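This structure is a prediction, so every number in the text was calculated from the model and none was measured. Throughout, residue positions are numbered sequentially from 1 according to the sequence presented. Start at 1 and go down the list; that is how both ligands and their atoms are numbered.
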Amino acid sequence: MGTVVDSGKKEANGSSLSEKKVTVVFVLGGPGSGKGTQCTNIVEHFGYTHLSAGDLLRAEKESGSENGTMIQNMIKEGKIVPSEVTIKLLQRAMQANNNDKFLIDGFPRNEENRAAFESVTGIEPEFVLFFDCSEVVMERRLLGRNQGRADDNIDTIRKRFKVYMESTLPVIEYYNSKGKVRKIDAEKPVEEVFEAVKSVFTPLHEKVA
Ligand SMILES: Nc1ncnc2c1ncn2[C@@H]1O[C@H](COP(=O)(O)OP(=O)(O)O)[C@@H](O)[C@H]1O
Ligand SMILES: Nc1ccn([C@@H]2O[C@H](COP(=O)(O)OP(=O)(O)O)[C@@H](O)[C@H]2O)c(=O)n1
Ligand SMILES: [Mg+2]
């Protein structure tokens, strides 16, 4: 009462998605590093909603969208779909969900993804969870993944590794220079990787399960 509220002040906790304040964690790492696997564990233990950019793009392709053929071609070639398409899918998914905590998996994959997401949504990630894994191990996992994916073949895998090195590592480096990267040794067994993941999330959240 009678106090001037500083409406220009940024919320200390969470960024704005329209009127909703949300916490976003980006989950990055090479193809096959275990992003999706660990996101499932994080959802169970810490109550986040998991949004995989790759899954959203595959679903968009399946829905018969006008972008379907373009998405399919990009995935087959291991290329990164223009951010306009991917960001629209991520925004729609966040707005349709009542949760205020999101794991965004496999995004931003290049500088264009990163800069566009920030300017379109105004959201800055709380931190970036980075799964560090060698190509030898990632290749073995991808070839054994068995999910019928059009891009889990050796030709496309090599292209994806190149895109990862050239386009995604610089994004991780950008966030590292801002002190936002939480690096995890992703070569260990799933349970051990999750122990390391828990030590990143536990200080921030009450355990829900
Ligand atoms: N720590 C791990 N050790 C061994 N295999 C793993 C590990 N994490 C994931 N996998 C397996 O490797 C494959 C790729 O994992 P996934 O979570 O889909 O990775 P990403 O989403 O980073 O491509 C899957 O078959 C998964 O079961
Ligand atoms: N931000 C993103 C994420 C994925 N993709 C596309 O979707 C493919 C699969 O992404 P994914 O995240 O499901 O792959 P994994 O790293 O989980 O193996 C990528 O190789 C890209 O072709 C994209 O274009 N832009
Ligand atoms: Mg994945």
Find the distance between [atom1] ([X]) and [atom2] ([Y]) and round it off to the nearest 0.5 Å.
| X | Y | atom1 | atom2 | answer |
| --- | --- | --- | --- | --- |
| Leu56 | Leu89 | CG | CG | 5.5 Å |
| Thr37 | Phe131 | OG1 | CZ | 9.0 Å |
| Glu111 | Ile80 | CD | CD1 | 11.5 Å |
| Lys198 | Phe46 | NZ | CZ | 7.0 Å |
| Leu142 | Gln147 | CG | CD | 10.0 Å |

Give the atoms of ligand 2, by number and element, whose distance to some non-hydrogen atom of [X] is under 4.0 Å.
| X | result |
| --- | --- |
| Arg145 | 17 (O), 18 (O) |
| Gly106 | 1 (N), 2 (C), 3 (C) |
| Arg58 | 9 (C), 13 (O) |
| Lys35 | 15 (P), 16 (O), 17 (O) |
| Asn113 | 1 (N) |

Examine ligand 2 and decide if any of its atoms is less than 4.0 Å from a heavy atom belonging to Glu77.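 In this structure, Glu77 fails to qualify as a contact of ligand 2 - no heavy atom is under 4.0 Å.
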Output yes when the distance from some N or O of ligand 1 to some N or O of [X] is under 3.5 Å, and no in every other case.
| X | answer |
| --- | --- |
| Gly34 | yes |
| Pro31 | no |
| Arg145 | yes |
| Val193 | no |

Salt bridge present between Arg114 and Glu118 (N-O < 4.0 angstrom):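 Between Glu118 and Arg114 there is a salt bridge, with a charged N closer than 4.0 Å to a carboxylate O.
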Does this structure show an ion pair linking Glu195 with Lys188, if we count only N-O contacts that are shorter than 4.0 Å?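 A salt bridge is absent here (no side-chain N lies under 4.0 Å from a carboxylate O).
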I'd like to know whether ligand 1 has Gly30 as a neighbour, heavy-atom separation below 4.0 Å.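 Contact present.
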Under 4.0 Å, counting heavy atoms only: does Ser33 come that close to any atom of ligand 1?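 Judged by the 4.0 Å heavy-atom criterion, Ser33 does count as contacting ligand 1.
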Residue and atom name of the nearest protein heavy atom (relative to [atom]), distance in Å to one decimal:
| atom | value |
| --- | --- |
| atom 21 (O) of ligand 1 | Gly36 N, 3.1 Å |
| atom 9 (C) of ligand 2 | Arg149 NH2, 3.5 Å |
| atom 24 (O) of ligand 2 | Val81 N, 2.7 Å |
| atom 4 (C) of ligand 2 | Arg109 NH1, 3.5 Å |
| atom 26 (C) of ligand 1 | Thr37 OG1, 3.7 Å |
| atom 7 (O) of ligand 2 | Ile75 CG1, 3.7 Å |
| atom 5 (N) of ligand 1 | Arg141 NE, 3.5 Å |
| atom 18 (O) of ligand 2 | Arg160 NH2, 2.8 Å |

Under the salt bridge (charged side-chain N to carboxylate O under 4.0 Å, His left out) criterion, do Lys88 and Glu60 qualify, and how do the steps go? CA-CA 11 Å; Lys88 200 178 69 196; Glu60 178 72 357; 5.1 Å; no
Quick check: does any side chain N or O of [X] sit under 3.5 Å from a backbone N or O of [Y], one acting as donor and the other as acceptor?
| X | Y | answer |
| --- | --- | --- |
| Asn176 | Ile172 | no |
| Asn99 | Gly47 | yes |
| Arg109 | Ser167 | no |

Ligand 1 contact on Lys188 by region, counting heavy-atom pairs under 4.0 Å: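 It is the backbone that touches ligand 1; the side chain stays farther off.
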At under 4.0 Å between heavy atoms, which part of Pro189 makes contact with ligand 1: side chain, backbone, both or neither?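 Answer for Pro189: backbone.
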Quick check: does Thr86 get an N/O under 3.5 Å from an N/O on ligand 2?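 No, since none of the N or O atoms of Thr86 sits under 3.5 Å from an N or O of ligand 2.
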Are more than 12 heavy atoms from other residues, nucleotides or ligands located less than 6.0 Å from atom NZ of Lys76?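 Open.
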Pick, from Lys79, Met138, Met74, the option with the minimum heavy-atom distance to atom 21 (C) of ligand 2.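 Result: the heavy atom closest to atom 21 (C) of ligand 2 is in Lys79.
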Could you tell me which atoms of ligand 1, counted from 1 in the order shown, lie closer than 4.0 angstrom to a heavy atom of Val190?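 Matching atoms, with element in brackets: 1 (N), 2 (C), 7 (C), 8 (N).
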Looking at residues at least two apart in the chain, or sitting in another chain, which of them share a ring pair (Phe, Tyr, Trp, His ring centres under 6.0 Å) with Tyr48?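 With sequence neighbours excluded, Tyr48 shows a ring pair (Phe, Tyr, Trp, His ring centres under 6.0 Å) to Phe201, His205, given in chain and number order.
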Would you kindly specify which portion of Leu57 sits under 4.0 Å from ligand 2, judged on non-hydrogen atoms: side chain, backbone, both or neither?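 It is the side chain that touches ligand 2; the backbone stays farther off.
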Pick from Thr156, Asp151, Asp155: which one makes a side chain to side chain donor-acceptor pair (under 3.5 Å) with Asn153?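 Single pass found, and it is Thr156.
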Got Asn41 and Val197 here, is their nearest side-chain heavy-atom distance under 4.5 Å?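 Side chain of Asn41 against side chain of Val197, heavy atoms only: no contact under 4.5 Å found.
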